[in-house]
Amino acid sequence: MESYKKPDRENVSNWYIDIIQQAKLYDYGPVKGTMVLRPYGFSIWKAIQQYLGAEIEKNGCYDTYFPSLIPESFITKEKEHIEGFSPELALITYAGGEKLSEPITIRPTSETIMYSYFSKWIQSWRDLPLKINQWVNIVRWEKRNLPFIRGTEFLWHEAHTAHATEIDADEQIKSALSLYKRFFEEFLAIPVITGKKTPSQKFAGAAYSTSCEALLIDGKGLQIGTVHNLGQNFSKSFDIKFMNVDNNENYVWQTSWGISTRALGGLILTHGDEKGLVLPPKVAPIQVVIVPIWKNEKEKTDIQNKTEEVLQTLKLNNIRAESDFRNEKPGWKFNDWEMRGVPIRIEIGPKDVENNSVILARRDNRAKNVVKNDNLIDEINNLLIDIQHRLFNKAQKFVEDNTHYTDNYKDFSDIIENKSGFVSAYWCGDDNCEKSVKDETKATTRCIPFDNGTGEGTCIYCGNKATLKPIWGKAY
RNA sequence: CGGGGUGUAGCGCAGUUGGCUAGCGUACCUGCUUUGGGAGCAGGUGGUCGUCAGUUCGAGUCUGACCACCCCGACCA
């Protein structure tokens with residue numbers, strides 16, 4: 001094992017691929033673009049499922065399961081949907097020893113299969129809203145992969161709702177987005193910008209899409225959560241109608257929203273540093289690791305006892321803790337656990353037994369402090385909260401420092417090429433301007449922020465009057 | 001699917017104008033000594049050199065095809 005260089009624009013890609021494997025989070029699957037989540041990595045995903053799952057349920061969406069095998073004819077029902085997804089579909093044409101009469105796709109997303117049931121289940125306004133969720137795997141044949149960030153198979157949750165009115169659907173969009181923002185910022189400590197996608201960036205088949213956009217340490221943007229307003233596009237294709245109070249038949253208004261294992265990539269590439277992973281306490285599978293240190297057999301017994309005692313106390317107080325009795329030098333263990341991103345390390349040595357204290361070392365700023373046994377639990381609880389806040393604040397400052405403002409295209413190109421990060425700049429709304437900027441600078445619109453995304457100015461590309469002020473940037 | 005690159009031990013790499021038993025670091029196993037910031041010594045395990053074909057007395061090394069992965073583009077959560 002070796003030490004890692006500080007991640008920067010030049011080597012962040014190698015650092016990332018290295019660190020996720022060294023930390024025992026991730027391994028490559030045998031088929032290109034597939035992943036193996038190891039216990040440490042899956043624990044993080046499980047923590048996400050627990051927190052986010054509870055929030056989704058509070059929002060009124062209940063878990064379901066729909067098949068991963070979807071008839072091809074379902075996917076082709078919504079015109080724009082199939083146009084967007086066809087290049088990414090995995091199609092089964094041969095099974096059970098014979099050619100299938102109708103090809104079957106492996107779930108690229110579940111709109112079509114779910115909505116074919118919505119049309120059965122929804123008859124009356126009394127059946128609305130219908131709100132469901134599922135935690136499943138997804139297959140989209142990608143040409144280019146990056147662990148967690150983009151893969152052929154990934155895990156996600158997808159929530160789907162149907163409403164009686166457009167207003168209700170819009171309300172659902174807002175509540176889902178604020179749920180997501182809270183999740184990212186309070187749980188993963190990842191600051192996100194919420195906003196509306198431009199038409200060219202929206203989900204295939206949506207009326208409009210909204211998203212949570214993160215800025216990672218290499219200055220690239222990441223769409224880390226999406227919430228789509230599907231309008232009546234799918235309800236018309238799938239014939240999802242209900243009889244309203246006024247005895248008129250109407251099509252439902254729908255939304256769908258999801259967060260995937262991509263969030264793990266965002267997590268790692270938001271907080272990681274030159275020593276490896278940095279995990280916010282709320283998602284860290286291990287919040288506290290105890291490293292015992294001794295010189296001889298007599299010390300060893302005392303220290304083992306004290307370590308065991310501290311470990312039990314931590315567990316009784318619902319702190320996720322482990323001790324490390326591996327036969328390695330303490331320094332080796334310090335580096336190992338720092339690389340794996342554990343928020344707090346406790347060192348227990350002869351001096352600590354003698355003084356009725358322990359040493360607390362925090363991962364985020366690597367500060368060490370001596371703490372008396374009596375105050376241990378309070379100190380650790382405070383520290384966990386403090387680390388969580390500090391990580392968020394640090395990440396938010398990074399986003400602020402790397403968000404630029406300009407109305408000059410030369411400056412714009414220069415910023416994108418040399419500084420990277422986000423650029424807030426006006427856009428006239430013309431697809432061609434958006435595309436030209438992309439072709440010339442590689443920057444795309446990330447979203448039009450709900451906060452400070454409008455005003456009056458001139459388009460960064462054509463110079464015409466503009467009222468939209470999207471965030472631009474290179475993206476994964 | 002276009003341009004570039006790389007395939008040699010779990011991981012990272014070296015291997016000269018074709019030559020003898022394919023090497024180094026690290027990891028791993030055994031033993032002893034160690035343990036407050038990546039320990040030391042001794043011994044040991046581990047390879048059809050990406051695949052297939054060709055040239056040659058002889059191929060990790062040369063030729064061709066194929067495959068995989070990585071980087072850069074087009075497409076996307």
Side-chain angles (χ1 to χ4, degrees), chain A residues 1-4 10-14 16-18 21-22 24 27-33 83-89 107-109 137-158 180 197 200-204 206 209 211-214 221-228 256-266 275-276 291-297 299-300 303 324-339 345-355 357-359 361 366 368 370 435 438-439 442 444 474-476:
Chain A
M1 203 175 302
E2 54 187 76
S3 61
Y4 292 88
E10 261 58 57
N11 67 15
V12 70
S13 167
N14 286 335
Y16 175 69
I17 288 165
D18 243 29
Q21 292 175 90
Q22 295 282 0
K24 299 179 183 169
D27 216 330
Y28 287 96
V31 173
K32 182 177 177 178
E83 278 173 12
F85 273 102
S86 62
E88 299 183 78
L89 289 180
R107 166 171 60 215
T109 179
N137 61 327
I138 289 295
V139 170
R140 295 181 186 174
W141 221 258
E142 296 289 346
K143 306 258 195 249
R144 215 177 135 187
N145 309 103
L146 186 64
F148 296 128
I149 305 286
R150 189 186 302 99
T152 294
E153 183 181 27
F154 57 90
L155 305 181
W156 78 354
H157 97 84
E158 51 179 326
Y180 277 0
K197 286 292 195 180
S200 76
Q201 298 276 337
K202 78 175 171 64
F203 174 74
S209 290
S211 69
C212 297
E213 302 287 333
L222 184 73
Q223 178 176 311
I224 198 168
T226 47
V227 179
H228 310 295
S256 69
W257 25 295
I259 285 178
S260 72
T261 35
R262 171 178 272 192
L264 298 184
K275 299 287 285 183
V291 176
I293 300 155
W294 65 82
K295 282 201 175 67
N296 54 51
E297 284 304 308
E299 286 176 359
K300 185 179 172 181
I303 285 159
D324 183 358
F325 278 100
R326 288 178 294 179
N327 187 23
E328 300 287 351
K329 303 272 283 185
W332 187 91
K333 295 179 185 176
F334 296 170
N335 283 287
D336 191 47
W337 291 110
E338 281 169 5
M339 188 264 294
R345 177 180 70 247
I346 297 181
E347 299 170 21
I348 298 179
K351 291 176 210 159
D352 306 302
V353 171
E354 202 175 306
N355 301 331
S357 62
V358 300
I359 289 177
R366 307 190 66 219
K368 279 193 191 189
V370 178
K435 185 161 191 316
K438 184 184 178 185
D439 292 344
K442 293 173 194 165
T444 53
K474 286 188 200 164
Y476 275 104

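Residue numbering restarts at 1 for every chain, and letters A, B, ... go by the order of the sequence lines.
Taking atom P in both B:G40 and B:G60, the straight-line distance is 36 Å, to the nearest Å. Comparing the C1' positions of B:G50 and B:G7 gives an interatomic distance of 6 Å, to the nearest angstrom. The C1' atoms of B:C29 and B:A74 are separated by 50 Å, rounded to the nearest whole Å. B:U26 and B:U56 have their P atoms separated by 43 Å, given to the nearest Å. Between B:G25 and B:U8, the two C1' atoms lie 15 Å apart (nearest whole Å). B:A53 and B:U21 are spaced 23 Å apart, taking the P atom of each and rounding to whole Å. Rounded to whole Å, the P atom of B:G10 lies 16 Å from the corresponding atom of B:A27. Look at the C1' atom in both B:C62 and B:G18: the space between them is 7 Å, to the nearest Å.
With rounding to the nearest 0.5 Å, the separation of CH2 in A:Trp294 from CD1 in A:Ile348 is 11.5 Å. If you take CD on A:Gln201 and OG on A:Ser209, they are separated by 10.0 Å, rounding to the nearest 0.5 Å.
Residue-level contact check: A:Pro350 touches the bases, meaning some heavy atom is under 4.0 Å from a base atom. In this structure, A:Phe154 reaches the bases: a heavy-atom distance under 4.0 Å links it to at least one base atom across the strands shown. Using a 4.0 Å heavy-atom criterion, one finds that A:Ile138 contacts no nucleic acid atom at all. Residue contacts for A:Ile224: at a heavy-atom cut-off of 4.0 Å it reaches no nucleic acid atom on any strand shown. A:Gly151 comes within 4.0 angstrom of a base, heavy atoms only. Among the heavy atoms of the strands lying under 4.0 Å from A:Glu328 is at least one base atom, whether or not backbone atoms are also near. When heavy atoms are screened at a 4.0 angstrom cut-off, A:Thr226 is found touching the sugar-phosphate backbone but no base atom. As judged by a 4.0 angstrom heavy-atom cut-off over every strand, A:Gly258 is placed among residues making no nucleic acid contact. The residue A:Glu88 sits close only to the backbone: its heavy atoms come under 4.0 Å of sugar-phosphate atoms, none of a base. Counting non-hydrogen atoms under 4.0 angstrom, A:Glu338 reaches a base of the nucleic acid. Residue contacts for A:Lys143: at a heavy-atom cut-off of 4.0 Å it reaches a base atom on one of the strands shown. Heavy atoms of A:Lys438 sit under 4.0 angstrom from primed sugar atoms or phosphate atoms, though from no base atom.
For B:G36, the base has a donor-acceptor partner in the side chain of A:Asp352 [N/O atoms by modelled type, under 3.5 angstrom]. With hydrogens and angles left out, the side chain of A:Arg140 and the base of B:C76 share no donor-acceptor pair within 3.5 Å. For B:G36, its base never sits under 3.5 Å from the side chain of A:Lys329 at any donor and acceptor pair.
One N or O on the side chain of A:Lys202 and one on the backbone of A:Ala206 form a donor-acceptor pair closer than 3.5 Å. Within the 3.5 Å criterion, the main-chain N or O of A:His228 finds no donor-acceptor partner in the side chain of A:Lys197. No side-chain donor-acceptor contact under 3.5 Å links A:Ser211 to the backbone of A:Glu213. Of the possible polar contacts, none joining the A:Thr444 side chain to the A:Lys438 backbone as a donor-acceptor pair under 3.5 Å is found. Between the A:Thr152 side chain and the A:Lys32 main chain, a donor and an acceptor come within less than 3.5 Å of each other. Of the possible polar contacts, none joining the A:Asp336 side chain to the A:Trp332 backbone as a donor-acceptor pair under 3.5 Å is found.
In this structure, A:Trp141 places its CH2 atom where only 12 or fewer heavy-atom neighbours from other residues, nucleotides or ligands lie under 6.0 Å away.
Distance CZ (A:Arg326) to P (B:U34): 22 Å, rounded to an integer number of Å.
Evaluation of the salt bridge (charged side-chain N to carboxylate O under 4.0 Å, His left out) rule for A:Arg345 yields A:Glu338, A:Glu347 as partners, not counting sequence neighbours.
Note: A:Tyr180 and A:His157 have perpendicular aromatic rings, judged against thresholds of 30 and 60 degrees for the angle between ring planes.
The side chain of A:Asp336 lies closest to B:G38, out of B:G37, B:A77, B:G38. Nearest to the side-chain atoms of A:Arg150 among the listed nucleotides B:U35, B:G37, B:A77 stands B:A77. Across B:A77, B:G37, B:G36, the shortest atom-to-atom separation from the side chain of A:Pro330 is found for B:G36.
In RNA chain B, runs of at least 3 consecutive Watson-Crick or G-U pairs, each pair with both distances below 3.5 Å, span B:1-7 with B:67-73, B:10-13 with B:23-26, B:28-33 with B:39-44, B:50-54 with B:62-66.
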At under 4.0 Å between heavy atoms, which parts of nucleotides 65-72 of chain B does protein reach? Answer with one letter per nucleotide, 5' to 3': B base, S sugar-phosphate only, - none.
----SSSS
